[in-house]
Amino acid sequence: MEISTRYNPNEIEKINLKKWLESSVFSSRKESSKKPYSIVIPPPNITGILHMGHALNNTLQDVLIRYKRMQGFESLWMPGTDHAGIATQNVVERSLAKEGLTKEDIGRDEFIKRLWSWRDKYGSTIIDQLKKIGASCDWKRLRFTMDKPYSQAVKKVFLRLFNDGLIYRGNYIINWCPRCRTALSDEEAAHKETEGWLYYIRYPVESVQPGKEHITVATTRPETMLGDTAIAINPKDKRYQWLKKSKVILPIVGRRLTVIKDEAVDPDFGTGVVKVTPSHDPVDFGLGKKHSLDFINIMNEDATLNKNTPEEFQGIDRFEARAMLVEQLKTKKLIEKKEPYRLGAGHCYRCNTIIEPRVSLQWFVKMKPLASPAIEAVEKGKIKFYPQRWKKVYLNWMNNIQDWCVSRQIWWGHQIPVWYCKDCYDLQSETNPIQKRKGVIAAEEKPKKCPNCKSTNIKQDEDVLDTWFSSWLWPFATFGWPFVNVEDRGGKVEDRKIKEEEEFRYFYPTNTLVTASEILFFWVARMIMASLKFTGSIPFSDVLIHGTVRDDKGIKMSKSLGNTIDPLEIVGKYGADSLRFSLMFLAASGSDIQLSTEKFLMGRNFCNKIWNAYRFIASKIEINKINIDNLNYLPEDESDQWIKEQLNQAASDCSAALEKYRMDEAIKRAYDFFWHSFCDWYLEISKDNFSSTKAKNSLFIFLESIKLLHPFIPFITEEIFNLIKKNPSLKLDGFLAEARWPNTKKSKINSKNLSLFKELLKSVDEIRDLRGVLALGQEKIDLEITTEEKLKVFWQKHHKWFIRLTNSNSIDFTGKPAKIFIQNKYWAINLKIKAADLDKFKNNLEKKINNLNSLIKKSEGKLKNKKFIQSAPPQIIEKEKLKLRDFSQKSARLKSLKKIID
RNA sequence: GGGCGCAUAGCUCAGUUGGUUAGAGCGCGUGCUUCACAUGCACGAGGCCAGAGGUUCGAGUCCUCUUGUGCCCACCA
């Protein structure tokens with residue numbers, strides 16, 4: 001058999017991926033005999049390109065899914081993509097722009113056609129990329145948030161909320177992105193510290209008293225003054241009581257401003273006088289409502305100033321207008337001063353443009369009623385967060401939840417299922433709840449005529465719903481909820497419907513949701529609310545929140561900073577397994593990961609190690625023409641017992657770690673076992689006597705090891721399984737991906753010889769240590785061993801590898817050795833070295849004795865302490881006593897050794 | 001302004017309900033072409049566990065404060 005000494009992942013990963021995809025290993029269905037385990041993928045945007053965050057997120061999920069699958073669960077990983085309204089629309093708008101076109105040029109229908117064809121062409125890029133890193137999703141179920149049945153769910157949900165009175169429409173101040181030209185929710189307007197100025201502007205006061213010709217207000221956004229309709233002071237602020245009898249004049253515009261008093265004004269900030277712009281500031285909006293002020297909108301959709309401003313400002317961008325205005329005020333000597341100021345300005349989370357607060361007609365969802373059951377579910381522990389601390393964050397947000405602006409002024413998305421009758425829709429009734437207005441029809445399909453006036457002159461609301469309004473249904477809408485209109489998925493409608501509902505009941509609620517903390521509010525919290533509201537059940541019981549991927553300087557990886565590492569580049573260079581291995585190795589519970597390309601060498605090296613371990617075993621089998629007819633594990637000697645015990649321990653630890661979502665611990669344990677127990681000891685020991693039993697045993701342990709490793713590094717393990725499978729007499733079948741997870745019972749092997757064997761390993765360590773101390777280099781030395789007669793058989797069995805692993809020449813069992821270097825309960829070993837080397841040894845010996853003595857002192861001190869004896873638990877005291885005994889024995893041994901040498 | 005994290009080896013990080021002689025990977029030093037693997041093997045150096053108090057028989061682990069650092073939330077214009 002020709003196998004390369006280097007593991008080359010590329011070809012192998014391609015082949016095995018193909019095999020998996022062509023098979024049904026990843027697919028899932030209701031199996032009454034099996035327990036379900038399900039995860040819904042956080043659907044990546046169709047515009048998405050796989051980045052390290054995806055790689056981390058999806059590897060975590062895949063490890064869980066594969067682990068559970070091997071454990072015999074019916075494992076379902078539901079895949080899909082998100083239509084990502086604004087993001088996708090932006091991409092297609094950009095490509096239109098290259099043709100010199102705008103979306104308005106081609107019209108809504110044509111634009112949406114373009115979007116669909118864009119998504120058909122590029123929308124599954126990220127899906128292919130996920131496959132490349134080994135994600136074992138049930139790909140046949142691939143969902144999209146704009147699939148017909150999914151859209152049905154969105155409509156149903158909207159109508160349900162509408163009819164329950166949880167939806168309202170009205171003019172409110174919202175976050176407006178002037179570039180995307182749409183409203184955004186509060187969550188989509190990320191607050192960022194921005195350098196700016198605080199301007200102190202003088203507003204003239206009518207009915208002049210001497211020295212009181214004006215008052216001064218402070219603002220960071222001077223241009224909004226064009227929309228001012230009032231001046232506000234704190235009612236307790238004595239400095240400005242005189243103002244209420246005066247009229248304040250808005251400079252440049254000349255408008256008379258009312259003076260209002262409100263507690264919201266902080267007398268200590270700025271001058272204590274606030275300009276009030278109800279249409280362009282959230283706080284002022286509230287003041288405007290409360291005090292019945294005028295609302296003057298001064299901006300167009302693109303944040304240029306509109307015709308409600310003086311002519312010279314009309315059509316000018318807000319920032320340019322700001323500069324112009326400040327200039328004008330300066331010449332009029334109305335700027336008192338300006339000071340540098342850092343303010344938290346909202347930025348569009350899609351295009352990073354500074355948000356403009358703006359009053360406009362939007363749709364909202366009342367969140368408080370939805371939040372309370374979702375709060376309860378988490379408080380009562382029905383849903384658990386890992387790590388736990390996110391519970392607090394979640395609850396804090398939920399308890400202060402604000403209504404959700406769900407309408408977006410874009411074209412790509414779920415259009416709001418509300419129609420207006422052009423003939424009887426009554427503008428005058430705008431103040432009524434939307435549900436009670438004449439000529440408003442909320443329905444799944446376009447109504448034929450108006451139920452009120454029978455007119456057919458009907459038009460749908462132009463807005464679409466926030467993308468998250470569809471994402472929040474993901475855990476159940478992906479299963480086909482609400483189980484109507486399934487004709488698009490083929491088969492007999494009724495059969496499909498029944499099957500889908502059954503599956504839904506089987507797999508839902510899902511088990512684990514794996515996500516980054518960034519979308520806790522966007523998505524996780526809302527899914528919990530939606531699921532409880534519409535399915536009456538929690539969507540998942542565990543929420544695993546992982547950290548952020550950072551670069552080697554600790555800075556968050558982002559395209560704009562150019563500090564990303566492309567996961568696919570790593571796949572190309574080192575293989576998907578290396579990528580996955582290193583990510584899992586570094587992903588401690590919830591903490592951020594600092595990455596650099598070198599980190600992936602860890603994974604590469606490990607894969608290579610596995611590869612070569614297999615090569616070794618395979619070659620031994622081949623060279624020795626060993627016939628492996630079955631894989632019963634038959635311990636031939638103590639090393640076989642020992643490695644089996646180690647394996648069981650590792651498997652048990654590994655499972656325990658996975659159960660508590662500690663993938664890092666699990667992979668470290670499996671890694672440590674494979675490399676440092678199996679390869680470094682067991683295989684090394686076996687080299688001298690690779691009998692057919694040994695061959696079977698090594699193959700058995702190897703096979704169990706790659707099962708443990710498979711969830712983390714599926715490609716290489718599957719490939720090696722392929723190679724092993726080629727031996728027909730083994731009767732191995734199927735995929736490693738669906739093999740049974742190793743037995744995790746800690747089967748204790750009670751064998752006196754096993755403890756002897758462990759002493760043997762210790763002696764090897766000690767000799768190696770001594771060789772280092774004595775700086776023996778490669779010099780082979782002779783050993784003399786004194787032991788009881790009955791242990792000689794044991795030694796006979798093991799002396800060969802013992803000689804090799806200690807780099808010795810020979811072992812002599814005759815007589816009593818002159819000098820004893822190593823001694824334990826069972827034997828003493830003498831290294832025949834030159835007299836000159838003795839000094840080095842003695843020095844080392846002394847160091848060790850000193851070290852032991854200080855430990856003994858410490859331990860004795862503890863045991864003499866009455867309080868310790870009184871209050872420490874008995875097992876701790878017992879442990880301490882054992883420790884002391886052990887130290888003392890060792891020390892005594894070393895001391896007598898020293899005597900002999902002296 | 002609130003809330004949540006993090007400070008452990010040169011670097012990146014583990015360290016379970018307090019009970020170690022504080023660990024791993026990389027890096028570093030020494031010696032090895034040992035017929036699976038130099039993407040390897042063996043050995044080794046390297047830590048006042050940020051600082052100060054406290055609780056305790058016992059603290060890297062719990063409490064308080066300080067310093068540094070990161071994140072999230074919030075309508076001080």
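These figures come from a predicted structure and were not determined experimentally. Per chain, numbering begins at 1; letters A, B, ... match sequence-line order. Computed over heavy atoms, backbone and side chain alike; hydrogens, waters and symmetry mates excluded.
Ring centroids of F600(A) and Y574(A) are separated by 6.0 Å or more, keeping the two rings apart. With ring centers used as reference points, F521(A) lies under 6.0 Å from W397(A).
Look at CD1 on I545(A): it is 18 Å from P on C71(B), rounded to the nearest Å. Between the CD1 atom of I231(A) and the P atom of A77(B) there is a distance of 16 Å, given to the nearest Å. Rounded to a whole Å, the CG atom of N396(A) is 9 Å from the P atom of C4(B). In this structure, R771(A) atom CZ and G44(B) atom P are separated by 13 Å, rounded to whole Å. Put simply, CH2 on W397(A) is 9 Å from P on A74(B), counting in whole angstrom units. Here the C1' atom of nucleotide C72(B) and the CG atom of D186(A) are 15 Å apart, to the nearest Å. Atom CG of L601(A) is separated from atom C1' of C11(B) by 15 Å (rounded to the nearest Å). Rounded to whole Å, atom P of G5(B) lies 10 Å from atom CD of Q388(A).
Nucleotides C62(B) and A45(B) are separated by 30 Å at their P atoms, to the nearest Å. To the nearest whole angstrom, the two P atoms, one in C75(B) and one in G70(B), are 24 Å apart. Atom P of A59(B) sits at a distance of 15 Å from the matching atom of G51(B), rounded to the whole Å. G27(B) and C11(B) have their P atoms separated by 15 Å, given to the nearest Å. Rounded to whole Å, the separation between the P atoms of U20(B) and C37(B) comes to 41 Å. The same atom, P, is picked in G19(B) and in U61(B); the two are 11 Å apart, to the nearest Å. Distance check on atom P: G23(B) versus U69(B) gives 32 Å, rounded to whole Å. Between G3(B) and U66(B), the distance separating the two P atoms is 13 Å to the nearest Å.
Both distances falling under 3.5 Å, in either a Watson-Crick or a G-U wobble arrangement, place U30(B) opposite A42(B). When both pairing distances are held under 3.5 Å, G5(B) makes a Watson-Crick or G-U pair with U69(B). As the counterpart of U64(B), A52(B) is assigned, both hydrogen-bonding distances of the Watson-Crick or G-U wobble pattern falling under 3.5 Å.
The side chain of R550(A) has G70(B) as its nearest neighbour among C76(B), A36(B), G70(B). Ranking G5(B), C37(B), A77(B) by closeness to the T5(A) side chain, first place goes to C37(B). Set against C75(B), C76(B), G44(B), the side chain of D769(A) has G44(B) as its closest nucleotide. Between A42(B), A77(B), A36(B), one nucleotide has an atom nearer to the side chain of T219(A) than all others, and that is A77(B). Counting only heavy atoms from C-beta on, Q594(A) has its side chain closest to C13(B) among C13(B), U39(B), C75(B).
Using a 4.0 Å heavy-atom cutoff across all strands shown, V393(A) reaches no nucleic acid atom at all. D284(A) comes within 4.0 angstrom of no nucleic acid atom, judged by non-hydrogen atoms across all strands. As judged by a 4.0 angstrom heavy-atom cut-off over every strand, S591(A) is placed among residues touching the sugar-phosphate backbone only. In this structure, A588(A) reaches the sugar-phosphate backbone alone: every heavy-atom distance under 4.0 Å involves primed, P, OP1 or OP2 atoms, never a base.
Taking the charged nitrogens against the carboxylate oxygens, E779(A) and R771(A) have no contact shorter than 4.0 Å, which rules out a salt bridge.
Taking the centre and axis of the six-membered ring of Y240(A), the NZ or CZ atom of K261(A) falls outside the cone set by 45° and 6.0 Å.
For A77(B), the OP1/OP2 oxygens have a side-chain nitrogen or oxygen of Y341(A) closer than 4.0 Å. Contact annotation: R662(A) reaches the phosphate of G15(B) (side-chain N/O to OP1 or OP2, under 4.0 Å). OP1 and OP2 of U39(B) both lie 4.0 Å or more from every side-chain N or O belonging to R604(A). Applying the 4.0 Å criterion to OP1 and OP2 of A77(B), one finds that K275(A) has every side-chain N and O outside that range.
The base of C4(B) is not paired with the side chain of K392(A) by any donor and acceptor separated by under 3.5 Å.
Put simply, the side chain of D228(A) never gets that close to the backbone of A230(A): no donor and acceptor are under 3.5 Å apart.
Sequence order on RNA chain B of the closest nucleotides to D664(A) and N865(A) puts D664(A) first from the 5' end. The 5' end of RNA chain B is approached more closely, in terms of each residue's nearest nucleotide, by S619(A) than by the other of S619(A) and D765(A).
Donor-acceptor pairing under 3.5 Å is recorded for the side chains of E188(A) and S185(A). Side chains of T597(A) and K573(A): no donor on one and acceptor on the other come within 3.5 Å. In summary, the side chains of D262(A) and N234(A) do not present any donor paired with an acceptor at a separation below 3.5 Å, with no hydrogens or angles considered.
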**Item:** Sequence-aligned protein contact record of nucleotides 16-29 of chain B, with B where the base is within under 4.0 Å of a protein heavy atom and S where only the sugar-phosphate is
**Value:** B--BSB--SS----

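You'll find the side chain of F606(A) reaches within 4.5 Å of the side chain of L709(A), heavy atoms only.
Here the CE atom belonging to M52(A) is positioned 6.0 Å from the CG atom belonging to L583(A), to the nearest 0.5 angstrom.
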